[in-house]
Amino acid sequence: MKTIYLDNNATTMVAPEVVEAMLPYLREYYGNPSSMHTFGGQVARKITDARQKIASLLGADLDEIIITSCGTESDNTAIMSALANNPGKNHIVTSRVEHPAVKVLCEHLAQKGYRVTFVPVDSEGRLDMDAYEASLTPDTAVASIMWANNETGVIFPVEKAAHLAREKGILFHTDAVQAIGKIPVSMKENTIDMLSLSGHKLHAPKGIGVLYVRRGTGFSPFLIGGHQEKGRRGGTENVPGIIALGKACELAVANMEKENTYVRELRDRLETGLCEAISQCKVNGTRDERLPNTTNISFEFIEGESILLLMDQFGICASSGSACTSGSLQPSHVLRAMGVPYTMAHGSIRFSLSVYNTPEDVDIVIRELPPIIEKLRVLSPYWATSQGACATA
Amino acid sequence: MWEYTDKVKEHFLNPKNVGEIDNPDAVAEVGSIACGDALKLTMKLDENKRIVDAKFKTFGCASAIASASALTELVKGKTIEEAEKITNQEIADYLGGLPPEKMHCSVLGQEALEKAIENYRGVSHKKPEEVIVCACFGVTDGEIERAIRQNHLTSVEEVTNYTKAGGGCGNCHDKIQAIIDRVYETKERQAQPVERPKLSNLQKIRMIEETIEREIRPSLKHDGGDIELVDVVGNRVLVAMRGACATCQASQVTMKGFVQGKLQEFVAPEIIVEEVAS
């Protein structure tokens, strides 16, 4: 059975070119880039090449790129560094829909005595910019707002948010894990102080991430040890991972247009096709400001895990915001923050595409999903046979 | 990904006895959409009080559907007295076991059966002295105690797996632990003091007002209801429901779960919401 992989916001396939690029660094070039001998030292030059490619994707400079192990490490490092560099300031601003890498850290810091403002979103998943601006106070050490939401794909105006923070002398960090590689980003043209990205969301392998730190921004390392990353992140370099990420960033630059044309068309075809074929469903998140690859659709009166497992029978891979799949007993905090009713939140499915998807993938889902929804609705005590039209927001 | 047995998968993919019996002799509805799973059980009995047919409808995950399917298979052909003895463990065993986090699905099945039998006999379900411990999922002390006794549960986590109690805001964990302790007659656990910046009364009331305005009222208005803050006494927040909420039978649980959850999230975890008639 062919795997139809529509879960690219969870993780992506490592691009074949990326695998090829990293293999020599798992086989023959295993030297330590810090070594004095040529065998190891030559690897350091390759790391610089890779770093340059990463910087190019971000429109940043070489020394603004700190390599980490993952998005979570980058997010944690950024926020902890901002707090360390602003002693006496006791307030953190973030949003209610952040990834756990930021959300749970902020909740943890709240337990430790920090005051945290979780800025709300509206029913379309858009950040309440008035509430955001009002939350910035002289006591605020850092504002951390994601660039694009992983569940709905809704894009936040982080460049504007960064500008507002800068005006008040507040450090601004963005978790851009879902945005990088999907929408163009140029750090030369904004005032964002720190930005996190994760390799495995853009066709590099797992275990590699980046923290961008704007030149001149005060920084305190999270991992203290060797002189790697100019002393800003100790630990021997993950050489194959860095080489892989460099290649993946190069591909992302090349694929940026395709991401915003081909992938967007596939996503729209999927969204429209499903909403036409299935009654009483709703797209979660605004259509205007959204990643080109993501659609989050709620199917009323049924539960997401059941949908996922029935789709699994056809090799279709997606995600759900239902309680049973969230690892807790409550549905997705993102959908709850948007005020999506429970009848809808439990039955939400996220499809996230990539350049490796084909029109056939999409057509198989449009063909196989409607009978699955029908089957589960027949089982549901809440399903009334009324055939409402699909309300697309 | 959950590790489901082949039997769970079989009953999920091809559930038995789906539907509703016309003119049933026994009917029960348990759970709710808010809780993430719900089950409607209908049964037909013959003159010897033997269950000749049982059908179900389920909103929920694979194990909820499989548990309901298993339940209907288990009860068919049994007398009321025989069916009454079925435990949630038997439902789980019939399916070759359930993941620990999914045991509440089998408990839901047993609750439906219990309620359906009570419905058949014409007696009321909940004993009036039971109080809700977990406001998020509307679980009573009696339900928690029965689950502890029947399944020999010894930790809050296990209670959550079996009853969902404590799986939301987590504010009732101490109360659940107290019930466990009471059941096993062990010493009361020392409550861990939680460090948290103190709010002045004025700050607290302001935050409560803000949270009601921003987080609570819009949702209630959407359903034709409204809420009024009457008073704040320590951590007790006294509110009055208006509009559709005031006459809604479900408002007691919904209101506590929703309003209290929001206030605990945004103001302080110690907040208790009480509805007053003013």
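We use all heavy atoms of the structure for the numbers below, so side chains are in, but hydrogens, waters and symmetry mates are not. Residue numbers start from 1 in every chain, and the chains themselves are labelled A, B, ... in the order their sequence lines are given, proteins ahead of strands.
- Using a 4.5 Å cut-off between heavy atoms, B:P218 makes no contact with chain A at all.
- With a threshold of 4.5 angstrom between heavy atoms, A:Q313 approaches chain B through side-chain atoms but not through N, CA, C or O.
- Of all the heavy atoms in A:E303 and B:C61, the pair that sits closest is OE1-CA, 3.1 Å.
- A salt bridge links A:E305 to B:K102: at least one charged side-chain nitrogen sits closer than 4.0 Å to a carboxylate oxygen.
- Residue contact with chain B, scored on non-hydrogen atoms closer than 4.5 Å, involves the side chain of A:D312 exclusively.
- Residue B:K55 does not touch chain A at all, counting heavy-atom pairs closer than 4.5 Å.
- Considering only heavy atoms from C-beta on, A:P381 stays 4.5 Å or farther from B:E29 through its side chain.
- Within the 4.5 angstrom heavy-atom criterion, only side-chain atoms of B:E215, from C-beta onward, approach chain A.
- Chain A forms more heavy-atom pairs under 4.5 Å with one residue of B:G19, B:A64, B:A62 than with any other, namely B:A62.
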Does A:H346 form a side-chain contact (heavy atoms from CB on, under 4.5 Å) with B:F59? I'd like the steps, not just the answer. CA-CA 10 Å; A:H346 282 298; B:F59 165 86; 3.7 Å; yes

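- Scanning both residues, A:Y382 and B:A38, for their nearest heavy atoms gives OH-CB, 3.1 Å.
- Both the backbone and the side chain of A:L310 come within contact range of chain B, with heavy atoms under 4.5 Å apart.
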Apply salt bridge (Lys or Arg N to Asp or Glu O under 4.0 Å) to residues B:E265 and A:R336 and explain how you reach the verdict. CA-CA 13 Å; B:E265 184 178 354; A:R336 279 188 289 145; 5.4 Å; no

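- Atom CD of B:E157 sits in a sparse spot, with 12 or fewer heavy atoms from other residues, nucleotides or ligands closer than 6.0 Å.
- Between the A:K375 side chain and the B:L13 main chain, a donor and an acceptor come within less than 3.5 Å of each other.
- Using a 4.5 Å heavy-atom cutoff, the side chains of A:L379 and B:V18 are in contact.
- There is no contact between B:E20 and chain A, counting heavy-atom distances below 4.5 Å.
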